[in-house]
There are 2 protein chains.
Amino acid sequence: MDAADTTAPARRTAASNGHADLAPDLPSAPEAPLVRVPGLDYGVLDHLLGYALRRAQNALYLDFHRATAKAQVSPQRFAALVLVGRNPGMRQGVLAEAMGLHRSGALRLTDWLTDRGWVERRDDENDARRWGLHLTAQGRRMLTTLERQVQAHDQALIDALGDQAPALRQALERLAEVATRHCL
Amino acid sequence: MDAADTTAPARRTAASNGHADLAPDLPSAPEAPLVRVPGLDYGVLDHLLGYALRRAQNALYLDFHRATAKAQVSPQRFAALVLVGRNPGMRQGVLAEAMGLHRSGALRLTDWLTDRGWVERRDDENDARRWGLHLTAQGRRMLTTLERQVQAHDQALIDALGDQAPALRQALERLAEVATRHCL
DNA sequence: TATTGTTATACTCTATAACTATA
DNA sequence: TATAGTTATAGAGTATAACAATA
């Protein structure tokens, strides 16, 4: 037997990551800017709330990458890191639910974070089927750095919007609610 | 020689579509709903404009599929259909630019639309390298149907937002501008 | 039998790079 | 040589389904 099986007991394969070879992805292809082509007629698109939303989201996505350029972290991975940081011991299944992913997707996401040494899987005391997710010391440092960058980035946008900003967020939350209710 | 080579001359392969076998994709996996998990602490995410935007966009994306359920058309494909409809003779490269895609992406998108019989490639009179994209009769009918569905869907959201709606769209457009400028 | 997580696989979307035809 | 479009390929992200371990 191995000497130290400190955190992740060996009775499970502990996501030893058989698919990617340790340094898997890097986003690298965030999508091109969705610019407005001058002579073009956009028809109904110019009047759709959904299209305005898509434009804004595309722009913010690219801008997010600029803001966190050094770490090569996608918005999704940043969100996962925040969630694990604020909810220590969180299960993978809950992470999946919170992020609108399938369990297998949460696995890949967690693998990516553990490969970086930012997150580790530990035993769940009550149920041997479960892992508890925890930030490592390095992960906590990284989160602190990223949060500072992301928040500065967000604040710059809010400043640029001026007094429109609070109404915008409120309207977005309402919109998400309405569309979700619509959908169910 | 073939009798009729009416529209697309044979001196080019005319995107005869060697990759997919004619009935390629169907979106089918639109992403799960991004619901708020009750007991969870979202930390900074709850204060970020970018995250609110992501939530709203996710909800609208799913709702869009509901609204156009019968046609299995993604927002992107709908947008492409609108653009070709409003700008007959449009080149693929312009479509790519308008939609923030690489040329090869616009090719796949156009292939999908032509496979459905909604769009056709025709010669460009001035430059034999170019195609002009045009709606077919069937494509125009489909566009009319889709536009009606999408607009009704969008109007329902606008109605639900009430007097917040105009401010929301204005703020979204401003946000896209600001973030893009930020990025360049 | 149901749940948690894993593995294997497939499919979509997008990009990169090399290629052909035309300018 | 530059441009428009095509082809081939690769990568990221997601899903499905079958599986093992545990409840």
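Chain identifiers are assigned alphabetically (A, B, ...) following the order of the sequence lines, protein sequences preceding nucleic acid strands; residue numbering begins at 1 within each chain.
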Taking 4.0 Å as the cut-off, does a side-chain nitrogen or oxygen of [X] come that near to OP1 or OP2 on [N]?
| X | N | answer |
| --- | --- | --- |
| Arg91(A) | dT4(C) | yes |
| Arg108(A) | dG13(D) | no |
| Gln76(B) | dT12(C) | no |
| Arg121(A) | dT4(C) | no |

May I ask you to check if Arg66(A) and Tyr61(A) form a cation-pi contact, with NZ or CZ under 6.0 angstrom from the six-membered ring centre and within 45° of the axis?
->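 Cation-pi check for Arg66(A) and Tyr61(A): fails.
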
Ring-face cation of Arg91(B) near Trp131(B) (centre distance under 6.0 Å, axis angle within 45°) = no

At under 4.0 Å between heavy atoms, what does Gly105(B) touch on the DNA or RNA strands: base, sugar-phosphate, or nothing?
-> nothing

Select one nucleotide: of [options], the one nearest the side-chain heavy atoms of [X].
| X | options | result |
| --- | --- | --- |
| Arg77(B) | dA15(D), dC13(C), dT22(C) | dC13(C) |
| His102(A) | dG5(C), dT7(D), dA15(D) | dA15(D) |
| Trp131(B) | dG5(D), dT14(D), dT6(C) | dG5(D) |
| Gln92(B) | dT4(C), dT6(D), dA23(C) | dT6(D) |
| Ala128(A) | dA23(D), dA23(C), dT14(D) | dA23(D) |
| Arg130(A) | dT7(C), dA4(D), dG5(C) | dG5(C) |
| Ser104(B) | dT7(C), dA15(C), dA2(D) | dA15(C) |

Between the base of dT3(D) and the side chain of Arg129(B), is there any donor-acceptor pair under 3.5 Å?
->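 Such a pair is found, so the answer is yes.
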
Rounded interatomic separation in angstrom, taking CG from Asp127(A) and P from dA2(C) = 17 Å

How many Å lie between CE on Met99(B) and C1' on dA15(C), as a whole number?
->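 Between C1' of dA15(C) and CE of Met99(B): 16 Å.
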
Between Tyr51(A) and Tyr42(A), how do the two ring planes meet: parallel, tilted or perpendicular, split at 30° and 60°?
->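 Rings of Tyr51(A) and Tyr42(A): tilted, 30 to 60°.
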
Between Arg174(A) and Gln164(B), do the side chains contain an N or O donor and an N or O acceptor separated by less than 3.5 Å?
-> yes

